[in-house]
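We count ligands from 1, going down the list as the structure has it; atoms in each ligand are counted the same way. Position 1 is the first residue of the sequence; numbering continues from there.
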Amino acid sequence: MRSAKFGASIRKLFSAAVKSQNTKYECPHCHKIKINRVSTSVWKCKSCDAMFAGGAYSFTTEAGEISARLVSEYARS
Ligand SMILES: [Zn+2]
């Protein structure tokens with residue numbers, strides 16, 4: 001990722017994005033904390049090699065959780 005130089009609020013957003021993309025997440029497949037960001041929105045488990053589409057800078061997003069809930073509610077009815 002390119003550096004962010006201009007504006008305090010932009011720098012704040014930038015550091016939050018970097019922090020969350022370097023965090024490891026739990027794999028929904030094998031439940032190990034082995035999910036790493038491969039590229040934008042692409043996340044891969046180092047343990048079971050499963051690949052997931054997530055948010056650009058974090059594994060789950062608010063919008064993603066809402067749509068997952070809607071899908072599961074639709075599948076139940
Ligand atoms: Zn896994």
Side-chain angles (χ1 to χ4, degrees):
M1 190 179 267
R2 275 179 221 108
S3 66
K5 282 185 190 172
F6 306 107
S9 56
I10 289 290
R11 273 199 300 267
K12 214 170 164 185
L13 283 172
F14 177 80
S15 67
V18 168
K19 213 173 168 184
S20 102
Q21 80 185 40
N22 290 327
T23 309
K24 288 191 175 68
Y25 296 90
E26 187 186 324
C27 175
H29 190 73
C30 65
H31 300 285
K32 288 174 185 164
I33 314 292
K34 289 276 184 183
I35 295 281
N36 271 103
R37 184 179 180 269
V38 180
S39 79
T40 308
S41 301
V42 181
W43 299 79
K44 194 178 181 188
C45 176
K46 278 193 171 175
S47 178
C48 66
D49 275 347
M51 283 180 101
F52 303 94
Y57 303 116
S58 69
F59 184 50
T60 53
T61 61
E62 238 172 82
E65 278 167 23
I66 289 166
S67 65
R69 196 167 64 231
L70 287 174
V71 167
S72 71
E73 276 171 21
Y74 182 77
R76 242 183 286 141
S77 62

Looking only at heavy atoms, what is the nearest atom pair of Ala56 and Thr40, with distance?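 Closest pair (atom of Ala56, atom of Thr40, distance): CB-CG2, 3.7 Å.
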The remaining residues in the hydrophobic cluster of Ile35, counting side-chain heavy-atom contacts under 4.5 Å among Ile, Leu, Val, Met, Phe, Trp and Tyr, are Tyr25, Trp43, Phe52, Phe59
Members sharing Val42's hydrophobic cluster, built from side-chain contacts under 4.5 Å between Ile, Leu, Val, Met, Phe, Trp and Tyr, are Val38, Met51
Main chain of Tyr57, side chain of Ser20: is a donor-acceptor contact present, judged purely on distance under 3.5 Å? yes
What protein N/O/S atoms are there under 2.8 Å from the Zn ion (ligand 1), waters excluded? Cys27 SG, Cys30 SG, Cys45 SG, Cys48 SG
Can you sort out the partners of His29 under side-chain hydrogen bond (donor to acceptor under 3.5 Å, both in side chains), two or more places apart, ordered by chain and number?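 With neighbours one apart ignored, the set is empty.
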Side-chain heavy atoms of Lys46 within contact of Asn36, under 4.5 Å: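 With C-beta onward as the side chain, the pair touches.
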